[in-house]
Amino acid sequence: MCPAGAVHDMTDLHRLAPPFAVCFCAGGLYGWSALATTLQAAFDLRMAPAGLVFSLALLAFTTAVIMAPYIGIGAWLGQMRMLATCAGLGALCIGLAAFAPSFAVFTALFSLGFGAMSGAIYSTALGLAAASASARITTPVTVAGFGLGSAVFGPLWKLLSAQGWGLSALLPLAGALAISGVLAAVASANTTPALRTPPPAQNRAPLPRRVLALIWAIFATGTFGGLMVLGLAAKIMDVGGAALALAGTVLAGVALANTFGRLSAAALPAQAGAIAGLVVSCALTLTGLTTAALATGPAFLGAGLVCVAASYGLMASSIPLITAQAVGPAQFQRAFGIVLTAWGASGFAAPWLTGLLFDLRGDFALAYACAAVATTLCVPLIWTLRAGLSPAR
């Protein structure tokens, strides 16, 4: 006979299946690099403007995550209906972006439209996971679902682009978002109080500012290299002389490594384990950046990018766990919205700055160096956080 706790965990996982499906589709945002070259060809762009598309998408994503706990949409519609609504709007934006007549229109639809809907979906799904009885498992799994979306849509976009689809390669994501939105709408009728937004009184409690500031700084510096890779991996491989098959394999490897890195956080035993995960993430990032910078061929270059992606995934799951431990589930969504501004800042800077440095130098060497400096700065911040967190939390 299964223990009662195990049955409860399975029930939570069952209830969170529709949010996972929607979050998976929203994660297609991370597969953006597969379309960078296609976008350049479609609108005759240099690398910096193409990188700016992903940067603006991450800003819109972050803004949506910050606003979601305050605007009260989840309380008005219910969390499942909110997911369904955002999935439908995201599908509309992606579908229209596939036929955008200009770069400005594409940027508005993909970066601002889909980017914002992706952020609202991520915030809502992660809030549901953090509030579940098995949060230590469901939180990394939900984060991993977002990363898994890029593992599917990134290589698919690369393949379809090579076959001449152009920006129409976005259409499968539009269809998947629409289907997942229908699933969430159907599930909304069975939404339970455990899956609803915490009462406003709980959300107004004071937050530990010093701890959140440290988590913010760690997230900003620790994700720079990973966001650079996620945003421009396809372009980096193209410049490195990789054949189509190898480039597609590396893109799939980057997405899968990101996903497995996120899932690995579920095995972290407690607060001390999450801190160790952050340190391991920094070590892997520096190893991957060094490998990519010194690579003598596209295979070693790809291996370095995959290593950075795995470290990013581990960082991306460890940060929500530490945030939840610091503030508790009732305040998690509001606190995580603040913390995620670090990811948005890094997400804006990394792809844009990398593209700018490439346009100036014709290679990615200086971009690797910038990412290595940011990661190195992250390490003492982690140890400061470790000393400042109370074991009681």
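Under the 3.5 Å distance criterion, the side-chain polar atoms of S102 are matched with a main-chain donor or acceptor of V105. Remark: side-chain polar atoms of S346 are not paired, donor with acceptor, to backbone N or O of A342 under 3.5 angstrom.
Contacts classified as salt bridge (Lys or Arg N to Asp or Glu O under 4.0 Å) and involving residues 140-157 (residues at least two apart or in different chains) are not found. Counting only residues at least two apart or in different chains, salt bridge (Lys or Arg N to Asp or Glu O under 4.0 Å) contacts with residues 353-362 comprise R361-D363. For residues 313-329, the set of pairs meeting the salt bridge (Lys or Arg N to Asp or Glu O under 4.0 Å) definition, not counting sequence neighbours, is empty.
Residues L263 and V143 have side chains not in contact (no heavy-atom distance under 4.5 Å, counting atoms from C-beta outward). Residues T37 and S161 form no side-chain contact, since every pair of their non-hydrogen atoms from C-beta on lies 4.5 Å or further apart. Two residues are said to be in side-chain contact when any heavy atoms from C-beta on lie closer than 4.5 Å; P19 and M80 meet this criterion. No side-chain heavy atom of M82 sits less than 4.5 Å from a side-chain heavy atom of T85. Inter-residue side-chain proximity for M117 and C86 is flagged as met; some heavy-atom pair is nearer than 4.5 Å. Under the 4.5 Å side-chain criterion, counting only non-hydrogen atoms from C-beta, F20 is in contact with V141. Taking 4.5 Å as the limit, every side-chain heavy atom of F153 sits out of range of all side-chain heavy atoms of L170.
Annotation: the span from I322 atom CD1 to S317 atom OG amounts to 11.0 Å, rounded to 0.5 Å. Rounding to the nearest 0.5 angstrom, the gap separating the CG atom in L83 from the OG1 atom in T124 is 5.0 Å. In this structure, the separation between OG1 on T341 and CZ on F336 is 10.5 Å, given to the nearest 0.5 Å. Between atom CD1 of residue I218 and atom CD1 of residue I382 there is a gap of 5.5 Å, rounded to the nearest 0.5 Å. One distance of note links OG1 of T323 with CD1 of I215; it measures 4.0 Å at 0.5 Å rounding. Atom CE of M228 and atom CD1 of I236 lie 5.0 Å apart (nearest 0.5 Å).
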Can you give the donor-acceptor pairs under 3.5 Å from side chains of residues 304-312 to other protein atoms, not counting sequence neighbours?
{"from": "S311", "atom 1": "OG", "to": "T285", "atom 2": "OG1", "distance (Å)": "2.5"}
{"from": "S311", "atom 1": "OG", "to": "V308", "atom 2": "O", "distance (Å)": "2.6"}
{"from": "Y312", "atom 1": "OH", "to": "Y30", "atom 2": "OH", "distance (Å)": "2.4"}
{"from": "Y312", "atom 1": "OH", "to": "W343", "atom 2": "NE1", "distance (Å)": "2.6"}

Would you give me the side-chain donor-acceptor pairs under 3.5 Å for residues 368-376, sequence neighbours excluded?
{"from": "T375", "atom 1": "OG1", "to": "A371", "atom 2": "O", "distance (Å)": "2.9"}
{"from": "T376", "atom 1": "OG1", "to": "A372", "atom 2": "O", "distance (Å)": "2.8"}

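The shortest heavy-atom contact between P172 and S168 is CD-O, 4.0 Å. Residues A26 and L177 come closest through the heavy atom pair N-CD2, 4.3 Å. A174 approaches G95 most closely through the heavy-atom pair CB-N, 3.9 Å. Nearest heavy atom pair, residue A316 against residue F219, reads CA-CE1, 4.4 Å. Of all non-hydrogen atoms in G181 and A87, the two that sit nearest each other are CA-CB, 3.6 Å. Listed here is the closest heavy atom pair of L160 and A169: CB-CB, 3.8 Å.
Linking ILVMFWY residues whenever their side-chain heavy atoms come closer than 4.5 Å, directly or via other members, leaves L251 and W165 in distinct clusters. Residue V379 is grouped with residue M315 when hydrophobic side chains (ILVMFWY) are merged at heavy-atom distances under 4.5 angstrom, including chains of intermediate members. Hydrophobic clustering, with ILVMFWY side chains joined whenever heavy atoms are under 4.5 angstrom apart, keeps L159 apart from L167. Connection of L45 to V53 is established within a shared hydrophobic cluster, with ILVMFWY side chains joined at heavy-atom distances below 4.5 Å, either directly or through further cluster members. A single hydrophobic cluster is seen to contain both I94 and F43, as judged by linkage of ILVMFWY side chains at heavy-atom distances under 4.5 Å, directly or through other members.
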Practice task
Might you work through the side chain to side chain contact (heavy atoms under 4.5 Å, CB included) test for W216 and I319, ending with a clear yes or no?
Solution key: CA-CA 9 Å; W216 192 99; I319 289 292; over 6 Å; no

Practice task
Assess whether side chain to side chain contact (heavy atoms under 4.5 Å, CB included) is satisfied between I121 and F146, documenting all intermediate values.
Solution key: CA-CA 10 Å; I121 289 168; F146 189 83; over 6 Å; no

Practice task
List the steps and the verdict of side chain to side chain contact (heavy atoms under 4.5 Å, CB included) for I66 and L340.
Solution key: CA-CA 8 Å; I66 295 169; L340 204 71; 5.9 Å; no

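A side-chain contact (heavy atoms from CB on, under 4.5 Å) with R386 holds for exactly one of I275, V279, L214; it is I275.
For the salt bridge (Lys or Arg N to Asp or Glu O under 4.0 Å) test, residues two or more places apart in sequence or in another chain that qualify with D238 are K158. Checked against side-chain contact (heavy atoms from CB on, under 4.5 Å), V239 has the following partners two or more places apart in sequence or in another chain: K235, F358, F364. By the side-chain hydrogen bond (donor to acceptor under 3.5 Å, both in side chains) test, S118 pairs with no residue at all, sequence neighbours left out. With sequence neighbours excluded, no residue forms a side-chain hydrogen bond (donor to acceptor under 3.5 Å, both in side chains) with W157. Partners of T291 under the side-chain hydrogen bond (donor to acceptor under 3.5 Å, both in side chains) rule, at least two apart in sequence or in another chain, do not exist in this structure. With sequence neighbours excluded, the residues that form a ring-ring contact (aromatic ring centres under 6.0 Å, His included) with F106 are F110. Listed by chain and residue number, M237, L246, A247, P298 satisfy the side-chain contact (heavy atoms from CB on, under 4.5 Å) test with A242 (two or more places apart in sequence, or in another chain).
Residues F61 and Y122 place their aromatic rings such that the two centres sit under 6.0 Å apart.
Counted within 6.0 Å of CZ on F103, heavy atoms from surrounding residues, nucleotides or ligands total more than 12; the atom is thus considered enclosed.
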